[in-house]
Amino acid sequence: DMDFRIRRTKYASPEMWKLSLKQPESIKPKKKKNQSTNIFGETIGRLHLEKQDIDKRQGRKSKALRLADKISTEEEKAAIESELDMEGQEIGKEFKQTYGFEKDQE
């Protein structure tokens with residue numbers, strides 16, 4: 001047969017109470033930002049990087065890409081030249097039609 005009684009009815013001062021409830025900071029684990037753990041126990045994190053400008057980055061080009069680039073620039077130059085020749089011929093025809101003689105080629 002046991003009887004329990006409250007024997008202490010006087011509480012500690014507020015400063016002493018606060019001091020007794022204080023825990024050291026080293027016991028609490030620091031929260032890691034942008035990290036979580038999935039159901040399998042794997043740590044998953046999120047990285048925040050600045051936006052990368054792909055146009056300014058210099059990548060390594062293979063020989064095939066360099067040749068393809070060279071061929072496409074040659075084709076563009078040829079297309080521009082042919083377009084300029086056609087415009088020149090049209091302007092020459094218009095000049096002859098307007099003035100009655102051909103324009104001197106420089």
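Both backbone and side-chain heavy atoms feed into the values below; hydrogens, waters and symmetry mates do not.
- One finds the CD atom of Glu74 at 10.5 Å from the CG atom of Asp69 (value rounded to the nearest 0.5 Å).
- Summarising the local packing, CD of Glu87 is surrounded by more than 12 heavy atoms from other residues, nucleotides or ligands at distances under 6.0 Å.
- Heavy-atom contacts from other residues, nucleotides or ligands closer than 6.0 Å to CD1 of Ile27 number more than 12.
- Of all heavy-atom pairs between Trp17 and Tyr11, the closest is CZ3-CD2, 4.5 Å.
- Note that the NZ atom of Lys96 and the NZ atom of Lys93 stand 10.5 Å from one another [nearest 0.5 Å].
- By the neighbour-count criterion of 12 heavy atoms within 6.0 Å, atom CD of Glu83 is sparsely surrounded, having that number or fewer from other residues, nucleotides or ligands.
- Within 6.0 Å of atom CD in Glu102, 12 or fewer heavy atoms from other residues, nucleotides or ligands are found, so the atom counts as exposed in its surroundings.
- Atom CG of Leu84 is separated from atom CD1 of Ile91 by 9.5 Å, given to the nearest 0.5 angstrom.
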